[in-house]
K.L.:
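Structure in structure tokens, see below.
These numbers were taken from a predicted model, which means no experiment stands behind them.
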Amino acid sequence: MNQDGSSNQPPALLQTLPGDDVRQIMWRFAERFDYQMVVQSARAVARGPVARAVAKGARNTHEWTEDKAALLTEFDVAGITAASIDPEFGGFLEGPKNFVLGLLAFELAWVDAGSGTSSMANTLALAPIHERGTPEQKQKYMSASVPPQPGEDRKIWRGAFALTESIPYVGVDTGVLSGRVRVTEWRDGEEPLLHVDKRGRFITNMGSANFVTAAVDSGDPRIKGSCMIILEETDPGTWDRGIPTKKLAHQLSSTRDPVFSLQVPASRIIGGYTVKDGVIIPNYSHADVIEAVFTRTRATPAIMTSAKLLSAVEPVIRYHRRRFRGAAGITEGTPRFDMGLQQKEDALHRLLDVWAAGEAGASLGFETSRLLDTYDAIEKAKAQVLAQQGIAGGRAELKALRAREKDAAEYVALAYKRSPTAEESARLAALDADAVVKFIVTESLSSVLIPSAKLWNTGHGVNMMREAVSMMGGYGITEDCPGFLGTKWIDGQLEATYEGPEVVQRRQLSVTMSRPIFLQQFQQWIAHLREVARAHPTLGAGTLASAMELWFWSREHLSSAKDAHGRDLYSNQRHGVTYPLADALAWLVATYHLVLDVIELKQKGPENAALAEGIDGLVSFYSDLTHIHCATAAGEATRICAELVFGYRAEPEAPGSVPGADAFSDVAPFVALRTKVDASLAGSKLAKDRAAESLAHVMIPEVLDYPV
């Protein structure tokens, strides 16, 4: 055994590509049989009807066709449609649904993300009602959105979510609405009738929607502020589904630019309303509703992009190995016949980078979904405690939460302590039972994980998808590219935009990453990684910990430093500083959660009988893959931080000259930390060589399990 814990024996190789048993352990649903059944149902639809529709050319039109509409029926039969709905309204899964919806999106996006978007958009339409709707609204629309049971004679309702406005507002600022709601009739003692005018842009599911949850602003002094309101296709007035959006991606979903001019009762205002001094006051503004909705739904598109990367591994291996077969002189048994392009290190190393990015994105996306599954209960408990204290309303609640941040920071520190004293254990238990403290910690963490997943998974993911396509040579940019990799690459561009483009995620992250409670959490992650590095020296956790230390120092330094002109570097509008720093953090956060998942596999994998035969090779491969990605993430974060720390200093007086050592004395800690990161990269390329060896020998099925 070497000093670093590695063995002189050749490492065991990965025998087969990871299957369900591996994913269930890494993503923590090995004990959820109901989730596993949902996965199998979704997979059957994705690799059956969806794949055949794509192969048949269903993506070649922007129109909503019978072939596309038929997929919705397949979703109904497979249980996908009802998966997001609570049992009391006809659904079949108890408890929160964020994680299971992520699994569904993963399976559908494995073949075609447009089909996944249709499912996701229906859930998104119901989300405002689920989060803020009145009991009557929930009962009506949730119950109508589950498939009819045997003996029922009714049509299933499908929904669309209409937030984005027509140009110039489209996708720019969700706080700016041109849709208007006015009072059209209000008789004494009766419910007001409202008139809603809304022109939507890029609204998914409009080809099939029976109802729409639309964001509108008041156009009447008798209505205060904005709201979200439910529109139905049978309401009096104009229900124009609009023209199909000529989009480059996700053609299996229906996207149109609808026009609504409808009369609806005031009871359609989501969450209800009160009347004061003759003015209708919605109980929730449209901002209140979409904040609650987007908090819970942004992780799903992130998972879809990661599914694409992981789905690319098998087709690329197959293509590389068969690249020369059939050519003159390439006979069976020769290296070129058996291994094809996999004789070349470049082909193996680049595919490992794609694979690692997919794993890290999935790890972050599913961890975010699991965290969100705890959010509702924690949020409700917090609200109950504050209400008992007579605290209500935005500012009062914010003040009360801020007063408890010190306790929350203490909770985070104690939670990571390996050998707490009896007194510390008692204190930890007390804080753990404190609903307000738990909410502060959960909200702080989710406010970083959600935008990180949405930003990094889709942004970096689509870049890596280009890599996957390029590895297919000329085949990759043809319509019949195995695994539909070309269309997946194009689809990924749209996933970076859904539910807030990259700039929105960077903006949120630039604020939430500087909260003291998160920075406390971040330091605990670093300490945890140091422990992991000691226990599992081949994972690259030490490299990631060093990069995190460098990022933390850089953020602290930039928060008080000034540029060569005396201007603050870290300020609200200095996007050239805060946004790249957010990008660097997202790299680190994604990789940290890959480390956690691989540790889970190392610990739980040997207990699984189905994995027993190949567990050594499986663990060895995933350890190397994680080591590779830790080195890549550290390199990216270090580069970004170096540009920020040094890039705003004055240029040397003599062009090309190197400043003296004294010129950098204030950033000497950064130089030391960067040297530490560089030194910690030792072994990372050896890990890549080992993983490449596995990649060159891993067994794959004879044919893809869905059409070429």
K.L.:
Counting only heavy atoms not in Arg199, do more than 12 fall under 6.0 Å of its CZ?
P.N.:
no
K.L.:
So, does Asn283 use its side chain to make a donor-acceptor pair with the main chain of Gly271 at under 3.5 Å?
P.N.:
yes
K.L.:
Could you work out, with side chain to side chain contact (heavy atoms under 4.5 Å, CB included) as the rule, every residue matching Lys380, not counting sequence neighbours?
P.N.:
none
K.L.:
Between CG of Leu101 and OG of Ser369, what distance do you get to the nearest 0.5 Å?
P.N.:
8.5 Å
K.L.:
For Ile477, is the CD1 atom crowded, meaning more than 12 foreign heavy atoms sit under 6.0 Å from it?
P.N.:
no
K.L.:
Other residues, nucleotides and ligands only: do more than 12 of their heavy atoms fall within 6.0 Å of CD on Glu152?
P.N.:
yes
K.L.:
Return the minimal non-hydrogen interatomic distance between Val45 and Ala78, and the atom names on each side.
P.N.:
CG2-CB, 3.5 Å
K.L.:
Checking side-chain polar atoms at under 3.5 Å, does Tyr622 have a donor or acceptor matched by the opposite partner on Glu359?
P.N.:
yes
K.L.:
If you take all heavy atoms of Pro147 and Arg154, which pair is closest and at what distance?
P.N.:
O-NH2, 3.4 Å
K.L.:
Return the minimal non-hydrogen interatomic distance between Pro482 and Met472, and the atom names on each side.
P.N.:
O-CE, 3.9 Å
K.L.:
Output yes when a side-chain donor or acceptor of Arg241 lies under 3.5 Å from a complementary backbone atom of Ala209, and no otherwise.
P.N.:
yes
K.L.:
Could you pull out every donor-acceptor pair under 3.5 Å between side chains of residues 259-267 and any protein atom, sequence neighbours left out?
P.N.:
residue	atom	partner	partner atom	Å
Ser261	OG	His195	NE2	2.8
Ser261	OG	Asp197	OD1	2.8
Ser267	OG	Glu191	OE2	2.8

K.L.:
Tell me if the NZ atom of Lys140 is crowded by more than 12 foreign heavy atoms within 6.0 Å.
P.N.:
yes
K.L.:
Show every salt bridge (charged side-chain N to carboxylate O under 4.0 Å, His left out) that has at least one partner inside residues 307-320, sequence neighbours left out.
P.N.:
Lys308-Glu495, Glu314-Arg318
K.L.:
Ile203: which residues meet the side chain to side chain contact (heavy atoms under 4.5 Å, CB included) condition with it, sequence neighbours left out?
P.N.:
Ala160, Ala162, Thr164, Met206, Pro258
K.L.:
Please check if atom CD in Gln40 has more than 12 non-hydrogen atoms from other residues, nucleotides or ligands closer than 6.0 Å.
P.N.:
yes
K.L.:
Using the side chain to side chain donor-acceptor pair (under 3.5 Å) criterion, which residues pair with Trp110? Sequence neighbours excluded.
P.N.:
none
K.L.:
Any Lys/Arg nitrogen of Asp705 or Arg43 sitting under 4.0 Å from an Asp/Glu carboxylate oxygen of the other?
P.N.:
no
K.L.:
What is the distance from atom OG1 of Thr368 to atom CG of Leu449, rounded to the nearest 0.5 Å?
P.N.:
4.5 Å
K.L.:
So with a 6.0 Å cut-off around CH2 of Trp355, is the heavy-atom count from everything else above 12?
P.N.:
yes
K.L.:
Scan His62, Arg201, His250 and name whichever one has a side-chain contact (heavy atoms from CB on, under 4.5 Å) with Thr245.
P.N.:
Arg201
K.L.:
Which heavy-atom pair separates Pro49 from Ala44 by the least distance, and what is that distance?
P.N.:
CD-O, 3.5 Å
K.L.:
Do you know which two heavy atoms are closest between Trp456 and Ala586, and how far apart they sit?
P.N.:
CB-CB, 3.8 Å
K.L.:
Please enumerate all residues that pass salt bridge (charged side-chain N to carboxylate O under 4.0 Å, His left out) together with Lys247, with sequence neighbours excluded.
P.N.:
none
K.L.:
Run the side chain to side chain contact (heavy atoms under 4.5 Å, CB included) test against Ala610 and tell me which residues pass, sequence neighbours left out.
P.N.:
Asp21, Asn608
K.L.:
Between Glu232 and Tyr141, is there a side-chain donor-acceptor contact under 3.5 Å, judged purely by atom types and distance?
P.N.:
yes
K.L.:
With a cut-off of 3.5 Å and sequence neighbours excluded, list every side-chain donor-acceptor pair involving residues 79-93.
P.N.:
residue	atom	partner	partner atom	Å
Thr81	OG1	Asp76	N	3.3
Thr81	OG1	Asp76	OD1	2.4
Asp86	OD1	Lys97	NZ	2.6

K.L.:
Considering residues at least two apart in sequence or located in another chain, which fulfil the salt bridge (charged side-chain N to carboxylate O under 4.0 Å, His left out) criterion with Arg322?
P.N.:
Glu702
K.L.:
Just jot down the salt bridge (charged side-chain N to carboxylate O under 4.0 Å, His left out) partners of Lys246, sequence neighbours excluded, or say none.
P.N.:
none
K.L.:
Return the OG1 to OH distance between Thr300 and Tyr498, rounded to the nearest 0.5 Å.
P.N.:
13.0 Å
K.L.:
Counting neighbours of CD on Glu233 that are heavy atoms of other residues, nucleotides or ligands and sit closer than 6.0 Å, is the number greater than 12?
P.N.:
yes
K.L.:
Using the ring centroid of each side chain, check whether Tyr35 and Trp27 are separated by less than 6.0 Å.
P.N.:
no
K.L.:
Who are the side chain to side chain donor-acceptor pair (under 3.5 Å) partners of Ser447, not counting sequence neighbours?
P.N.:
Glu443
K.L.:
Taking only residues two or more places apart in sequence, or in another chain, which ones meet Ser285 in a side chain to side chain contact (heavy atoms under 4.5 Å, CB included)?
P.N.:
Ser226, Ala287, Asp288
K.L.:
Determine, stepwise, if the pair Thr478 / Asp480 fulfils side-chain hydrogen bond (donor to acceptor under 3.5 Å, both in side chains).
P.N.:
CA-CA 5 Å; Thr478 60; Asp480 53 352; 2.9 Å; yes
